[in-house]
Amino acid sequence: MIVAPVGLSSAVAAATSVPDRAPGTVELGVAEWEALWTSVLLRSVDPAGRIDFDALTKDHADLDRVVAFVAAVDPLSQPQRFPDRSSRLAFYINAYNALAMYGMVDAGVPQSLGGLRRFRFFYLHKFVVGGQSISLYDFENAVIRPLGEERVHFALNCMVVGCPQLPRAAFSADALDRELDAAARSFIQEERNARIDPARHEVWLSAIFDFYTSDFLNRAPSLIAYVNRYRAEPIPSDFKVHFFHYDWTVNARGRVGAP
């Protein structure tokens, strides 16, 4: 959860990002739109989840088409295209990730989302979803989280290093439960997101577990109990929980310090 800085002047203007609509974009079926988003991911994301923003900055025509579809179509404006919860949730996850990628390109690909830049990116920068203007913060917290699926926090990606690894394929309604389980397992198995210190009886978790503690506790009696669902070796329940600092460095392929 991104907390707004207190006392920031309301005079800062919001910007709305909407690409020009390419011919035939709205006529795409949801499966065709997912395939288009997958093609963007395959070209732009490497196996480690890093994004080739240099290439995207030079050519983002397909990303523009993905975002233009989101601007015109969503489960509220065209519910017949999204007949069940899984289809709605898969759309929202894909849409959020595409909007974040587009927003990063639109912002000139900063090195990080530190300080006021984070506030602008999540709160002031507006996108269009199904004909309605919305920020990434409100899209996540007013639209996606109320669906009650805590595993989205292992799938939503705002394009920074601290996020879960960005997949190279769109999420799909038919396989969503399996895909979210795989995303949760992969995230928790990374030492950067869950590291045990047996000598100190401590466990260090990603700040995502701090940001969204209430969502995880709706599914388990404690954060350790939740994390243990996806671990081969369970963490003792009496270990003290600490949280890593979140890394807001933009996850660009050529960033300094990238492996």
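Residues: numbered from 1 along the sequence shown.
Contact of the V67 side chain with the L99 side chain is registered, since non-hydrogen atoms from C-beta on lie closer than 4.5 Å. For the pair L147 and V152, the minimum side-chain heavy-atom distance is 4.5 Å or more. Side chains of S112 and R118 form no contact here, defined as non-hydrogen atoms less than 4.5 Å apart. Residues C158 and F122 form a side-chain contact, since some pair of their non-hydrogen atoms from C-beta on lies under 4.5 Å apart. Using a 4.5 Å cut-off on side-chain heavy atoms (C-beta onward), V40 and R65 make no contact. At a threshold of 4.5 Å between non-hydrogen side-chain atoms, the residues R219 and Y226 count as touching. In this structure, the side chains of Y96 and E140 come closer than 4.5 Å at one or more pairs of heavy atoms.
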key: Working for side-chain hydrogen bond (donor to acceptor under 3.5 Å, both in side chains), residues D54 and T57   = CA-CA 5 Å; D54 288 342; T57 299; 5.6 Å; no
query = Would T249 and D247 satisfy side-chain hydrogen bond (donor to acceptor under 3.5 Å, both in side chains), going step by step from the backbone distance to the final call?
reply = CA-CA 6 Å; T249 306; D247 190 344; 2.6 Å; yes
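Looking only at distances, a side-chain donor or acceptor of T38 sits under 3.5 Å from a matching main-chain atom of E34. In this structure, the side chain of S87 engages the main chain of D84 through a donor-acceptor pair within 3.5 Å. Proximity of a side-chain donor or acceptor of N251 to a complementary backbone N or O of G49 within less than 3.5 Å is detected. Side-chain atoms of D210 do not come within 3.5 Å of backbone N or O of H245 as any donor-acceptor pair. D46 places a side-chain N or O within 3.5 Å of a backbone atom of R50 that can act as its donor or acceptor partner. Not a single donor-acceptor pair under 3.5 Å links the side chain of D106 to the backbone N or O of Y102.
A pairwise comparison of heavy atoms in P146 and N141 identifies CD-O, 3.4 Å as the closest pair. Contact between A100 and N157 at its shortest, heavy atoms only, is CB-O, 3.5 Å. When all heavy atoms of F239 and I196 are compared, the closest pair comes out as CE2-CG2, 3.6 Å. Between V241 and L205, the shortest heavy-atom contact is CG1-CD1, 3.8 Å. Of all non-hydrogen atoms in E190 and R192, the two that sit nearest each other are OE1-NE, 2.8 Å.
Sorted by first and then second residue, the ring-ring contact (aromatic ring centres under 6.0 Å, His included) pairs involving residues 33-54 (not counting sequence neighbours) are W33-F69, W33-F91.
Y246 and W204 fall into different hydrophobic clusters, where Ile, Leu, Val, Met, Phe, Trp and Tyr side chains are chained together by heavy-atom contacts under 4.5 Å.
Open room surrounds CD on Q132; 12 or fewer heavy atoms of other groups in view lie less than 6.0 Å from it. Residue Q80 places its CD atom among more than 12 non-hydrogen atoms of other residues, nucleotides or ligands, all under 6.0 Å distant.
Using bins of under 30°, 30° to 60° and over 60° for the plane-to-plane angle, the ring pair F154/Y230 lands in the perpendicular bin. Ring pair Y123/F119 is parallel by interplanar angle, where below 30° counts as parallel and above 60° as perpendicular.
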Side-chain donor/acceptor pairs under 3.5 Å, residues 161-176, sequence neighbours excluded:
unit_1, atom_1, unit_2, atom_2, d
Q165, NE2, P47, O, 2.9
R168, NE, V45, O, 2.7
R168, NH2, L42, O, 3.0
R168, NH2, V45, O, 3.3
S172, OG, E179, OE2, 3.2

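Checking each of R43, K58, R253 against D52 for a salt bridge (charged side-chain N to carboxylate O under 4.0 Å, His left out) leaves exactly one that passes, namely R253. Between E149 and the choices R145, H153, R151, the side-chain contact (heavy atoms from CB on, under 4.5 Å) rule is met once, by R151.
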